[in-house]
Amino acid sequence: MANIPKYYESLNLDYKPPRGNWMDRPLNIKSGIYCYPARPNVLAGIQMNDRSDWGKYWVVEDEDWELPDDWKERFLNKMRDMLDKYRTFKIYMDICVRCGACADKCHYFLGSGDPMNMPVMRAELLRSVYRGEFTKTGKILGRIAGARKLTKGVLRQIWYYMFQCSECRRCSTFCPYGIDTAEITIMAREIMNELGMNIAWIQESCYKCIHTGNHLGLQPQAYKECIDCMLGDIEENVGISFDVSWNRKGADILFVTPSGDVFAEPGIYTLAGYLLLFEYLRKEYGFDYTWSTYASEGGDFGYFTANDIAKRMNSKIYLEAKRLGVKWILGGECGHMWRVLNQYMTTWHGPVDFLEEPVSPITGTKFENAKAHKMVHIMEFTADLIKHGKLKLDPSRNDRLRVTYHDSCNPSRGMGLLEEPRYVIKNVCNHFYEMPENTLRDQTFCCGSGSGLNASENMELRMRGGFPRQNAVRYVRDKYGVNMLACICAIDRAAFPDAQRYWNPDVGCTGITELVANALIMEGEGPRTNNLRGFEIATWEPKP
Amino acid sequence: MDVKVSLGVSLGAVLAIVLVALVGAQVSSLQLVFGILVPYAAFVIFILGFIYRVVDWGRSPVPFRIPTTCGQQKTLPWIKRNKLECPSNTLEVIGRMILEVFAFRSLFKHTKAEMASGNIIYGGSKWLWLGALAFHYSFLIIAVRHLRLFVEPVPAFVNVLDLVDGMLQIGAPTLYITDILLIGAVSYLFVRRVIVPKMRYISLANDYFPLFLILGIGISGVLMRFFIRVDIVSVKELTVGLASLHPVLPEGIGAIFFVHVALVSTLFAYFPFSKLMHAGGVFLSPGRNLANTNRAKMHVNPWNYPVKLHTYEEYENDFREKMKNAGIPVERE
Amino acid sequence: MNLEKFLTKKRDHVVDKWIQSVQETYPAETVKFFRHQRNRFANPLGAAISETMGPLFDELLNENNPQNISSLLDRIIRIRAVQEFEPSSAVAVVFLLKKVIRDELKKDIEKDGLIKVEDLLEFESRIDYCALLAFDVYMKCRETIWGNKLDDFIKRPYVTGGNMRCLSYMLKQEQRQGKVAEDCCNNCGLGEVR
């Protein structure tokens, strides 16, 4: 036994990736990581500009991306335009000192180990072009100054990695200058949009939203039918039947929520939760609200393409509120929807003088923080109701559940909505457990599928991105027996079931309003043996 | 750019400056250039460049108010809000900025000790925070200390600072704490960039050059004070002359002084065109310097423009029959 | 000295080497981070590697229970199944142990020659079996991925890439060999968006 076979050494079991400068490393485009490109006819359908030449359908893994002839000009012109329009963009291009504080904060980096996913590198992709094309030192010193010219190869790299950023802003909380990589991703995507380089999952949703009012492309009758269907389920499980009003003029409040919750599990149960909660309030306190089929989308996938489109899609909410003559607007649980509503909406369409300052019709609470915007988050609204003891609740109905709460990125880092959801959960559930501190609140991990990346073809990317969050969920699952992950984001509710089937197959996912509605004691209700999902409360084992 | 090339180019550039200054110091006519003209030119470039950059940033609008909120928003009165991490008025923004600018709060954030598998683990980034803090404050104090060379009589606070800084009272002339800290911190920041692969991956020549430059300034300053003494009276004559705009060029100042001045001048002139501008940028960064008041107070976008809308009327025209069939009210029958 | 004793004595060293060689399958920039950031939430991948390899080695050496081995492998392979690796490199973590042990043995065997061939063959067979189990785990992971994709396809009839149609519409269209289906349920309204 003196000679040990050398076979394994010849097998080259050292899977060490190439070293050297990142600019020289070949781009390895891998299926499962990228989303399919948007089709030209969809881009034309969105009528982004007056341009009709949206080129051909291109294939990501091809060498030739069928770019328009003047692609470079378009790119650089748009980039110059953005630099002039956004102080954020200009400053973030200039002041990064590459201190590395952000490097290990990105969930895609943590999940993939790919150094190009460090936020600083993602920004550096664009920054190198900025230096090479827009600054004197970069033009003169070239690569010594970290500058490079825009080439097709560089463009591929930028595209590939900008669609691996979920704009969650976790990195920005650690940056000593507040550099927001999400902002850089937003700019890069808008620039590439000029070349028609966006993904199908986002653009198809935009296209449908522009034409039918919601991302799913549900026409008015279909949208209503979906909700009627939910009403039927509620009758079955709760034992009360009621109707809701549509596009009704003169209602007090317009309710807007992401359409993602209208169609797919488990979001539809959050929607059922809204229906039940509002019916309770109507019966008890005469709460007067309406749904709209025109403003049937709270979310805004346009935000993931270009400012223009985001604004167009968002405008329906105020327009509809004005047409119906409501007093103010109530918004459902959603992540990027609330980032857009909070940080963009009034700037786009304000001043909002056709609505009243929001006052809860039930408790009389003035929502001072929304006095210009006139839109209230359902969690603020519900927390206020509970605080004033306006809801009859039986938290023991949620006793099968051991709940943890995932701070959705946008409400936490783009809005600061942290305590309201926790307050609500603690009042409707008896078993609530927090995940570890450095995965929560402003340091929360993304679900891995934000910013329009919750398509199906990029499942591997989504699983990678979801890993840090699921790792924390797994910890509370093992430690406290947590079996339900609550969140306030429709993309979370679409993304977590996939991620959990992969990482934590015995933890379910729910919106908070679903928990509220399950605990809500309705007048005249039948025996509440089933929850809103139609499972027996006493024996239910949640599954993703 | 290969790391070696980046390092070589940066180090080479700094050495070249040192060499040029050494040569210049030997020729009396060039002393005028290196003692008076170059510092003036560098100072002018610094001031104008700095103003240009800040104005340039300031000129580009802030279309949206998008601060990163890191704490509870102002909401229902009974919910405790986080004034510093999620400011809701100018005062609180100032508070947040002070913490950010003077205490590097964001860098500190991920540095707390945590329990992991039974042991207290400190995040490695605490060192980054410490290093950065040591570096910036030493630099500031050293800069302020240098006021004694430019102002006559020397302001009292400069003397006090001098005293405190030299309180270790080691050697004569006294060793300043900040000198050690500065050189130590710069060395740490440099070593970190070179040995941590992650850092090496993201570092550019633009990152190494200022580090070498500042290290050069520190070393030449220390050399001048302790080892290759210069005639301090003549130096002060020159510097006060510079500051009072009546420049004189006294005889017999050592060559090391010109090296020091040349490096400082380079730093000044390089400043506005480099990442060092983060000193100005941090104040202007919209991620931190805005209050989270979007819903309470409208923010105006100067270039806001109307977009093409899919109006309700068009929508109803598209779907009128279907809406009627489904019992959804319509505007026109 | 027999192999088991030898490996038990060298346990920590072998495990460290194994962990190191698994880490080194990642880019150099990342490896350092895996090693130094010890918080399991800030560095979930590094934690998974360093917390799994030891128990896995012990299991191989002592109990060798396939179920336990699978569940330990699951933590590592599940991550690698969605990363940049080719399938072969994803499961190669197991074979890296072989390499580590051979490197270790080389020194000692040549010295005293006390380790029996059949012991080594036996242990290597355990590693081989472990690799087969890793393949099972890998495939299960990949099947979950594709299950997710399929599930999305069924649950999200409104976006399915090419021709976006309601699912029942698509099925009926297929049945009619390409003719437009007029009796599509059109519940979703999508049947005639375009």
Side-chain angles (χ1 to χ4, degrees), chain A residues 21-22 84-88 90-91 94-95 97-98 100-101 103 115 120-121 137 143-146 169 172-178 180 210 219-221 224 246-247 293-294 308 311-312 315 319 323 342-344 346-347 350-351 369-373 380 384 387 413 415-419 442, chain B residues 1-2 9 57 60-66 68-76 78-79 86 104 106-107 109-110 125 198-199 201-207 273 275 277-278 281-282 284-288 292 294-299 301 303 307-310 312 315 319 322-323 326 328-329:
Chain A
N21 184 258
W22 62 268
D84 289 339
K85 275 183 169 170
Y86 291 88
R87 184 182 299 171
T88 43
K90 204 177 220 173
I91 287 191
D94 280 330
I95 66 169
V97 300
R98 288 165 293 282
V120 51
M121 289 318 297
T137 42
R143 278 184 58 166
I144 294 177
R169 303 177 111 200
S172 90
T173 65
F174 296 97
C175 176
Y177 316 115
D180 183 357
I210 284 169
Q219 298 182 9
Q221 78 286 0
K224 179 169 183 284
W246 290 93
N247 299 9
T293 56
Y294 175 58
D308 226 52
K311 186 176 170 188
R312 279 166 67 183
S315 58
L319 282 178
R323 185 181 76 87
N342 182 40
Q343 299 193 324
Y344 294 81
T346 31
T347 302
N369 58 329
K371 66 179 177 232
H373 179 254
E380 297 168 336
D384 177 60
K387 181 78 182 173
R413 284 183 288 257
M415 193 179 175
L417 189 86
L418 305 173
E419 297 307 327
D442 59 315
Chain B
M1 186 59 44
D2 191 33
V9 167
W57 285 335
S60 46
V62 183
F64 303 105
R65 196 195 273 138
I66 49 165
T68 314
T69 58
C70 301
Q72 173 61 36
Q73 63 165 350
K74 183 183 176 188
T75 166
L76 301 164
W78 48 272
I79 290 179
C86 190
F104 303 174
S106 293
L107 272 186
K109 211 174 226 170
H110 48 308
S125 7
K198 185 183 80 187
M199 293 303 300
Y201 190 68
I202 65 179
S203 295
L204 304 168
N206 324 8
D207 299 313
F273 308 102
K275 67 165 195 173
M277 274 307 288
H278 67 266
V282 65
L284 282 166
S285 170
R288 289 283 185 274
N292 179 39
N294 289 289
R295 286 159 73 207
K297 227 162 93 191
M298 187 186 145
H299 177 86
N301 173 3
W303 50 259
V307 292
K308 199 185 320 177
L309 298 174
H310 187 65
Y312 177 78
Y315 173 84
F319 301 114
K322 288 174 180 161
M323 288 169 80
I328 300 169

Trainee: Kindly indicate, with the supporting measurements, whether the criterion side chain to side chain contact (heavy atoms under 4.5 Å, CB included) is fulfilled by Ile66(B) and Tyr344(A).
Mentor: CA-CA 8 Å; Ile66(B) 49 165; Tyr344(A) 294 81; 3.6 Å; yes
Trainee: Quick check: does any side chain N or O of Thr68(B) sit under 3.5 Å from a backbone N or O of Thr173(A), one acting as donor and the other as acceptor?
Mentor: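 Not at all, since once roles are kept as given, no pair shorter than 3.5 Å links the two residues.
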Trainee: Counting heavy-atom pairs under 4.5 Å with chain B, which one of Gly178(A), Gly350(A), Ala103(A) comes out on top?
Mentor: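 Looking at each option in turn, the highest pair count goes to Gly178(A).
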Trainee: Does any backbone or side-chain atom of Ile79(B) lie under 4.5 Å from a heavy atom of chain A? Answer side chain, backbone, both or neither.
Mentor: side chain
Trainee: Hey, which of Thr137(A), Leu319(A), Thr88(A) has the most heavy atom pairs under 4.5 Å with chain B?
Mentor: Thr88(A)
Trainee: Between Trp303(B) and chain A, which part of the residue has a heavy atom less than 4.5 Å away: side chain, backbone, both or neither?
Mentor: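 Contact with chain A: side chain only.
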Trainee: Does Gln73(B) use its side chain to pair, donor to acceptor, with the backbone of Leu417(A) at less than 3.5 Å?
Mentor: no
Trainee: Which region of Cys70(B), side chain (C-beta onward) or backbone (N, CA, C, O), has a non-hydrogen atom less than 4.5 Å from a non-hydrogen atom of chain A, or is it both or neither?
Mentor: both
Trainee: Using atom types as modelled and distance alone, determine if a side-chain donor or acceptor of Ser285(B) lies under 3.5 Å from a backbone N or O of Tyr177(A).
Mentor: yes
Trainee: Judged by atom type as modelled, is there a donor-acceptor pair below 3.5 Å linking the side chain of Asn369(A) to the main-chain atoms of Lys74(B)?
Mentor: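 Answer holds: yes.
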Trainee: Name the member of Met121(A), Lys371(A), Arg98(A), Lys311(A) that forms the most heavy-atom pairs with chain B at distances under 4.5 Å.
Mentor: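 Most heavy-atom pairs within the cutoff with chain B belong to Arg98(A).
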Trainee: Relative to chain B, which of Val97(A), Asp384(A), Asp84(A) shows the most heavy atom pairs under 4.5 Å?
Mentor: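 Sorted descending by pairs with chain B, the first entry is Val97(A).
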Trainee: Would a distance-only check, ignoring hydrogens and angles, find a side-chain to backbone donor-acceptor pair under 3.5 Å from Ser60(B) to Lys85(A)?
Mentor: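 It does not hold such a pair.
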Trainee: With a 4.5 angstrom heavy-atom cut-off, could you sort out which part of Phe104(B) is near chain A: side chain, backbone, both or neither?
Mentor: neither
Trainee: Taking the side chain as C-beta and beyond, is there a heavy-atom pair between Leu284(B) and Arg87(A) under 4.5 Å?
Mentor: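 A side-chain contact under 4.5 Å exists here.
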Trainee: Need one label for Asn292(B): side chain, backbone, both or neither, based on atoms under 4.5 Å from any heavy atom in chain A.
Mentor: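 It is the side chain, since no backbone atom gets that close.
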